Structures are given as structure tokens and as C-alpha cells.
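Quick notes on the structure that follows.
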Amino acid sequence: MDERLKAILARVKKPARYAGGEYGAVKKDPASVDLRIAFCFPDSYEIGMSHLGLKLLYALWNAQDYIWCERSFAPWPDMEAEMRGAGIPLYALESGDPLSDFDIIGFTLQYELCYTNVLNMLDLAGLPVYAKDRHELKNLVVAGGPCVCNAEPIADFIDLFMFGEGEEVSLELFELYRRAKAEGWTKKAFLRRAADIPGIYVPCFYDVTYRDDGAVAAITPQDGVPAVITKRIVEDFDRAFIPEYFVVPSTEVVHDRVMVEVMRGCIRGCRFCQAGYTWRPVRSRRAETIIENAKTLALQTGYEEISLISLSSSDHREIDRICDELSDFCRERKISLALPSQRADSFTPELYEKLRMVRQTGLTFAPEAGSARLRDVINKNLAEEDLMNACKIAFSGGADSVKLYFMAGLPTETDEDLLGIPDLARKVTWNWRQNSPNRARGLKVSVSVAGFVPKPHTPFQWAAQTTREEFQRKYMFLKDNFRIKNVTYNWHEPAVSFLEGVFARGDRRLGKALHEAWKRGCKFDAWGDFFNLDTWLEVFRDTGLDPAWYANRERPADEVLPWSHMSCGVTQAHLWREYQKALAGEPSPDCRAQCTGCGALCLMKGGKCDA
């Protein structure tokens, strides 16, 4: 380790974030590989090391003999100040080499408020932040993740995007880069060839023009690249790559546990949920595959919890069998089994018994809306009786805590709908009093309300977001009605939801605001300690952009959306129909009850939805 780095680590918080050397980290000889990749997570180590996608792709890429993939995370401000003061560029944890030594620098874009961190990490690595200023094939900057659904606000800074599920498309891209590097291609020549790979978006080959009213006029492909980029999916999910090891952090992270992916996609069709639409069609792993992977990872890592991950794990057709066959393994080793995405309407006494066999755990449910009417609007398809029945099951079994998640600012929402939130909380406390066998321990109910952010590729992509002022009024209105014993009420900062709304549905012109905000010190915008709305508002004024035009404006059906050249498989006609049904308060059946013909099946060559 560099002596300068040793001195720095003694002065910063949580030095284990930056030291490397964790159990399971992959070390290779740089001279023995053709391609070096820096996998960059633009947030703290604790957040990044909790992310399943990073773990999966890290193992997949390092399984290739010609690739060495290393990790890099956004340094906390105290570490960044020390690094800049000592002249230490951003480096990868496995080798300690600066990112400028790497062929490909890849970012995962999990949420819009990480964008300033992307720019900051590039600058800390000593690289130009704008793609147009990086002329060589080396240090190619690529990105993937959910935000690629609308990559336009950050398009000026990234050379190319991988759109959709990354296992297959990334390896095709890396093979092409390997050839380009060996044959001495120019960066432009490589990018043009890369644009022909399905699922690869190269922004420099798309010209965006605007109407006088500010809306996008056209997105025009150049040089023969595809007019529409369609997301990549792994069709045979059961046979897709599964990691047999995780890097085990040397310090506590947000999710210290084995994570096993059981499904992709979701049968439910909640109209606010971007993941539910962009991960379609539904594909499941076989029970045998899941069970074997869970046991392998538990033994390799020593973790004390196995978490079965998907958008709605309790909807897996074999979830009871999976839990049954993991029960003895977990009990013998004092390992907990968790379903973090369980639904109240599929919560059974048998399932709860399996989940609490090692230690008693609290409940977490997301009704999302307080009234049945509004749950029909968002197509949540969850009845109050389902929630109360799930609570009864858990409270009868000894549970003494429950977390409930809601949103405020949903389309057509009224104050009457909002009052349904504290009303549900009261009914949960009454449920506990009626069913708990041990009331001496008391009850803890945590209610969290977040501001609704309309997202691309959902039925609400046309909807106006609630203003900051109205969000604040709604939260205070709820606060006045939340004087309930044993219930804690929390709400999300309206300004953060507002900025997320700006960038979620923004266009390429926002790049200048993003760059200017970063230059003025904005970073870690998702963290309350660092978020500065005043700076952002000054930047929008100085760059001539109206953030409310992006966030708080309803889009007409015929407007060209900034992401119109990106297809998740679900048709715009289907999304518009669902939006109209939402405004009329009409629910749609889930995919298992009836196919609604969303179009996602067209992504599969002869395959079928596993709903």
C-alpha cells in the first residue's frame, strides 16, 4: 500500500472502506489479462457493497480469463479531501492502481441523484468529465443500471450505455473492445461498431432537436445506427450465470447477507413501479437452482442471513418448497431466512413460521396508498383485509414491530386518501392488541411516506409531479393526524423528490446544469447531510433551465419523450391505456390472472412469460 495512503487512512472515518483486501476479492496479474475493468459504484462503500448487481457482474467478469474486474466507490468527503491534498487519484481496491490505468471504467446508475458523484469520481481519477474530451480508446467510460431507461441527462459524460440486463451484452461488448484494442482501432471506430450490438446506446450518434416550446422535436440517429435501442434480457434465467462467491466486506454495510435472486420481472403491474415494467417479462429460477445457490453462498461467506431477492419473491410458484428445503440448513447453522419483497396478500402462517424459525423478525409491507380507491388508481391490487390478515398472522406468532411504506402525491390523490394512511396505522395497532400473545413487550409501528416521482417507461410517465410546496403541505397534514401511540411517522424531504423528478424525465440539456452543480460542490445529493437545494436552484437559473417544467408538467400523449428511442419492450400504447385506466380509477388484473398484452414477450425468441 502507498505510504501516502497509509497516512491518510489513519485520519479518515471508516478506513476499511478504502483499504481493500476483503475476503473473496479477486487478485490477478495485470500482465496476464487483456482487459482491465474498474467497476465504479457512485455512492459510498456501504451502499455499493450491498448491491446484488455489483456482486453478480464482478463474479461474472472475473470468471473470464482475459478480464480483471476491480471495484471503486465514491470516497466520503473527508477521504476525498485527503486524496486531493496528497495528490492521490481515485484507485481500485484490489490493486490500488489509479483508474487511469484501466481500459474500461464502468458505472452502475441506480438512482438519478448519484450523477454528480459520477462526475466527481471521473475528475478524482484525473479524467476529463465530458465524453467529447476523452479521445483515446483507453479509459472508455460505460454505464448500466436502471437509469439507462432515460440516460439523456448524463449522456454528455458517458461514452456508451448498456441497456437492460447486463450479463450477456457486457461480454459481447468486452469481446469487441478486446479486438479493438488488439487491432488498434480508434475510439470512434469502436463506438460505431459497438452501436450495432443490441442493447448498446452510444449517445454521440443521436442528434436531439427541440421545439420552440422546449419539448423534444426529434431524436435522429446518425451514421446508420439503430433508430430504437431495445433493452437486453436473459431469456433462460434459470441457466444464467450465478455467482458462487461474494466479496465479504471488512466493515459493516447496509445489507450484510447472502442475496439469492429468485425471479426477474413481476406479475403485479403497479403503475408507479419502473422496475416492474422494465424487468418484464417474468422469469423464474427453478427451486433446485435457488436452494443450491443459497447454500453455496452461505457456506462461502459465513453470513447469518439468506435473503431471497426479487420484486415480489412470495409470488414465486415454488416459494413454499424453497423455504421448506432451506429450513433445516438454516436452523442447523442459526441462519435467518428473509423475503424482503413479500406481499401481504400472499403472506401465510406457514411462510411466516419458516421466516421466524431462527429469530423473530418484524414485518415490512408497502400498501403505497391509504385508500382502496387510490390503490386501484396505482393498480396495487391489495385489499385492506389482506394487510390485516398478514398482521394477524405475524402478531399471533409473536411479532412486535411492523414497517409500512406509502407514497404521497400520487395521481388523483385527495386529502381523504391521505387520511387512510394514519387510519391503517391505527387498525394495525388494534390488530396487535387483539392478537398478540405477549403485549408486555409493546408494539412499534413505523410509517414512512415518500414523495411520488413519475418515472419513464411506466403508465405515469406522462403525469405531473406534485410541487415541493404541495408535498410539504401533505406531509404536515399527515403529521397533524399521526398522534397515535406506538406509531412513528417519517417523511421524505420534498426537495430531494423534486430534484429526482427533474432528472428522471429530463433531457440532454440538463447536462450543463449537472456539470455546473458539480463544479459548485454538489455531490452525494441523495444524502441529507450534503444535499443543497439552493445551489441547484441557482444553477438552474444560471443555465436558463426551469426545473418545474421537467418535474411538475403533465405531458400530452403526442409529445416526443426524451427516452422515446429507448424500448423496454412494453409498448407505449399499453402504457397509455394503463394511464387512462388509472385516471378512471380502474385496476387491471395481474399477469398471472390475465395477460394484458403489454408487448414484453416480443423480447423473447419463442420463449414465454413465466407469470
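These figures come from a predicted structure and were not determined experimentally.
One finds a salt bridge joining Arg17 and Glu46 here, because a Lys/Arg side-chain nitrogen approaches an Asp/Glu carboxylate oxygen to under 4.0 Å. Taking the charged nitrogens against the carboxylate oxygens, Arg375 and Glu368 have no contact shorter than 4.0 Å, which rules out a salt bridge. The pair Asp223-Lys188 does not count as a salt bridge, with every side-chain nitrogen at least 4.0 angstrom from each carboxylate oxygen. Salt-bridge formation is not detected for the pair Asp417/Lys474: no Lys NZ or Arg NE/NH1/NH2 atom is positioned less than 4.0 Å from an Asp or Glu carboxylate oxygen. Ionic pairing of Glu136 and Lys187 is not present here: no N-O contact between side-chain nitrogen and carboxylate oxygen is shorter than 4.0 angstrom.
Checked against Arg232 for a side chain to side chain donor-acceptor pair (under 3.5 Å), the options Glu165, Glu172, Glu167 give a single hit: Glu172.
Residues passing the ring pair (Phe, Tyr, Trp, His ring centres under 6.0 Å) test with Phe161 are Tyr201, sequence neighbours excluded. Taking the ring pair (Phe, Tyr, Trp, His ring centres under 6.0 Å) definition, one finds that His574 meets it with nothing, sequence neighbours left out.
Between the Asp525 side chain and the Phe531 main chain, no donor and acceptor come within less than 3.5 Å of each other. Between the side chain of Ser170 and the main chain of Gly166, a donor-acceptor pair closer than 3.5 Å is present. One N or O on the side chain of Asp78 and one on the backbone of Lys13 form a donor-acceptor pair closer than 3.5 Å.
Ring orientation note: the planes of Phe460 and Tyr579 are nearly perpendicular, at an angle over 60° on the 30°/60° scale.
Atom CG of Asp542 and atom CD of Glu516 lie 7.0 Å apart (nearest 0.5 Å).
A side-chain donor-acceptor contact under 3.5 Å links Asp507 and Tyr550. In summary, the side chains of Gln461 and Trp563 do present a donor paired with an acceptor at a separation below 3.5 Å, with no hydrogens or angles considered. Between Gln110 and Asp43, the side chains place no donor N or O within less than 3.5 Å of an acceptor N or O (distance only, hydrogens not considered).
Among residues at least two apart or in separate chains, side chain to side chain donor-acceptor pair (under 3.5 Å) pairs with a member in residues 492-503 are Lys455-Glu500.
Closest non-hydrogen pair, Arg271 versus Ser588, comes out as NH2-OG, 3.2 Å.
Between Trp536 and Phe498, the gap from one ring centroid to the other reaches at least 6.0 Å.
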* To do: Please lay out, stage by stage, how Trp76 and Tyr18 fare under the test ring-ring contact (aromatic ring centres under 6.0 Å, His included).
  => CA-CA 10 Å; Trp76 206 245; Tyr18 316 108; 9.5 Å; no
